[in-house]
Asker: 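The structure's right below; bear with me while I get my questions together.
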Amino acid sequence: MSVPTVPSTSAPWTTEEKPTGTFHRWHAGRLEAFGGSVTVSNGPVVTPDGARIYTADTAGGLIRVHTWDEGRIGPPRPFAAFESGWGKPDGLTVDASGHLWVCHYGGSRITRYDPNGRIERVLPVPTALVTKCAFGGSDLTTLFITTALRGRDATIDPMAGHLFAVETDVAGRPGEIFEN
């Protein structure tokens, strides 16, 4: 199935021009910023071993990685850059083996990266605006995928705005509950 590309004027980051977004964490009873400013932020997600945090600078087309050691979050380092035609990095999740799954807003796919930033697989999605993915199901091998309808013509892109469930051969991680 051919999915039409997304005109840049329909992308939510086209109205954002300055890096005013910031990542925060709640730690020791106070809110702390980390990672500097980004134009449109997504993530963060933490690896199963707790040693890394991934964040996305959506407008910049960049996935960043931060070390997390003894309660301190390190500065962002480039992890993966999106190429032209890939859309923009949106929702992120990490599976049980520490691989990063990244949704491509405007790119009709999800990419799974190994911990070294190499592409391990690409999962096509039959609509352009892929927004978020998360593992679920009894064994956490079902990847649930949300998509957006924003600015899409349902006669051209009839799957826009739908929720998808895809069985995978890898397990995700159970959700974490915040406790203060």
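Start at 1 with the first residue, then count along the sequence. Given the structure is predicted, the values throughout are model-derived calculations rather than measurements. The figures here come from the full heavy-atom set of this structure, side chains too, leaving out hydrogens, waters and symmetry mates.
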Asker: Can a donor-acceptor pair be found, under 3.5 Å and without considering hydrogens, that links the side chain of Thr58 to the backbone of Pro89?
Answerer: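 Here the side-chain-to-backbone pair exists.
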Asker: Give the cluster check for Val102 versus Tyr54: same hydrophobic cluster or not, with ILVMFWY residues linked at side-chain heavy-atom distances below 4.5 Å.
Answerer: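 Yes.
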Asker: Output the distance between atom OG1 (Thr55) and atom CD1 (Ile63), rounded to the nearest 0.5 Å.
Answerer: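 With rounding to 0.5 Å, OG1 (Thr55) is 8.0 Å from CD1 (Ile63).
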Asker: Kindly write out the residues that satisfy side chain to side chain donor-acceptor pair (under 3.5 Å) with Asp57, not counting sequence neighbours, or none if the list is empty.
Answerer: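 Testing Asp57 for side chain to side chain donor-acceptor pair (under 3.5 Å), a comparison that skips the adjacent residues, returns none.
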Asker: Is there a side-chain contact between Pro174 and Leu140 in this structure, where contact means two heavy atoms from C-beta onward sitting under 4.5 Å apart?
Answerer: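 With C-beta onward as the side chain, the pair touches.
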Asker: Does Phe82 have its ring centroid less than 6.0 Å away from the ring centroid of His104?
Answerer: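 Here the rings of His104 and Phe82 have centres that are less than 6.0 Å from each other.
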Asker: Run the numbers on Asp69 and Thr67 for side-chain hydrogen bond (donor to acceptor under 3.5 Å, both in side chains), then give the verdict.
Answerer: CA-CA 6 Å; Asp69 188 27; Thr67 56; over 6 Å; no
Asker: Identify all side-chain donor-acceptor contacts of residues 128-137 below 3.5 Å with residues at least two apart in sequence or on another chain.
Answerer:
| from | atom 1 | to | atom 2 | distance (Å) |
| --- | --- | --- | --- | --- |
| Thr131 | OG1 | Thr146 | O | 2.9 |
| Thr131 | OG1 | Thr146 | OG1 | 2.6 |
| Lys132 | NZ | Leu92 | O | 2.5 |

Asker: Using the rule that Ile, Leu, Val, Met, Phe, Trp and Tyr join whenever any side-chain heavy atoms are under 4.5 Å apart, tell me whether Val94 and Tyr113 fall into a single cluster.
Answerer: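 Looking at the clustering, Tyr113 is in the same group as Val94.
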Asker: In terms of hydrophobic clustering (I, L, V, M, F, W, Y; side-chain heavy atoms under 4.5 Å; direct or indirect links), are Ile110 and Phe164 co-clustered?
Answerer: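 Yes: a chain of side-chain contacts under 4.5 Å links Ile110 to Phe164.
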Asker: I'd like to know if the side chain of Lys88 and the backbone of Tyr105 have a donor-acceptor N/O pair within less than 3.5 Å.
Answerer: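 Flag not set: sc Lys88 to bb Tyr105 has no pair under 3.5 Å.
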Asker: Determine the sole option in Thr93, Asp114, Val170, Thr47 for which the side chain to side chain contact (heavy atoms under 4.5 Å, CB included) test with His99 is passed.
Answerer: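 Filter result, single survivor: Asp114.
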Asker: Can you check whether His162's main-chain N or O pairs, donor with acceptor, with Thr147's side chain at less than 3.5 Å?
Answerer: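 Such a contact is found between Thr147 side chain and His162 backbone.
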Asker: Of all the heavy-atom pairs spanning Pro48 and Ala96, show the shortest one and how long it is.
Answerer: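 Closest approach of Pro48 to Ala96: CG-O, 3.5 Å.
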Asker: Quick check: do Val166 and Thr142 have side-chain heavy atoms less than 4.5 Å from each other?
Answerer: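 No, side chains not in contact.
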Asker: Can you confirm whether the side chains of Thr141 and Asp139 place a donor and an acceptor under 3.5 Å from each other?
Answerer: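 Indeed, the side chains of Thr141 and Asp139 share at least one donor-acceptor pair under 3.5 Å.
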Asker: Please determine whether residues Val46 and Val65 belong to a single hydrophobic cluster, defined as Ile, Leu, Val, Met, Phe, Trp and Tyr linked transitively by side-chain heavy-atom distances below 4.5 Å.
Answerer: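 No; Val65 is not reachable from Val46 via cluster members.
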Asker: Set out, in order, the CA-CA distance, both residues' side-chain angles and the distance that settles side-chain contact (heavy atoms from CB on, under 4.5 Å) for Ile53 and Ile73, then state yes or no.
Answerer: CA-CA 8 Å; Ile53 299 173; Ile73 300 173; 3.8 Å; yes
Asker: Is NZ or CZ of Arg52 both nearer than 6.0 Å to the six-membered ring centre of Trp68 and within 45° of the ring axis?
Answerer: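 So Arg52 doesn't make the cation-pi contact.
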Asker: Grouping I, L, V, M, F, W and Y whenever their side-chain heavy atoms are under 4.5 Å apart, do Leu62 and Ile119 come out in a common cluster?
Answerer: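 No, Leu62 and Ile119 fall in different hydrophobic clusters.
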Asker: May I ask you to decide whether Arg121 forms a salt bridge with Asp169, counting only side-chain N to carboxylate O separations under 4.0 Å?
Answerer: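 A salt bridge is present here (some side-chain N lies under 4.0 Å from a carboxylate O).
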Asker: I would like to know whether Arg118 and Glu120 meet salt bridge (Lys or Arg N to Asp or Glu O under 4.0 Å); could you show each step before the answer?
Answerer: CA-CA 6 Å; Arg118 290 186 293 266; Glu120 188 273 334; over 6 Å; no
Asker: Answer yes or no: is there a side-chain heavy-atom contact under 4.5 Å between Pro75 and His66?
Answerer: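 In short, these two side chains do not touch, never coming nearer than 4.5 Å.
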Asker: Kindly determine whether Trp86 and Arg109 satisfy side-chain contact (heavy atoms from CB on, under 4.5 Å), including the steps that lead there.
Answerer: CA-CA 8 Å; Trp86 285 12; Arg109 71 190 221 184; 3.4 Å; yes
Asker: Only one of Val122, Leu143, Asp95, Leu100 passes side chain to side chain contact (heavy atoms under 4.5 Å, CB included) with Arg112; say which it is.
Answerer: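 Running side chain to side chain contact (heavy atoms under 4.5 Å, CB included) over Val122, Leu143, Asp95, Leu100 with Arg112 returns exactly one hit, Asp95.
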Asker: Indicate the atoms forming the closest heavy-atom contact of Pro126 with Met159, along with that distance.
Answerer: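 Heavy atoms only, the tightest pair is O-CB, 3.4 Å.
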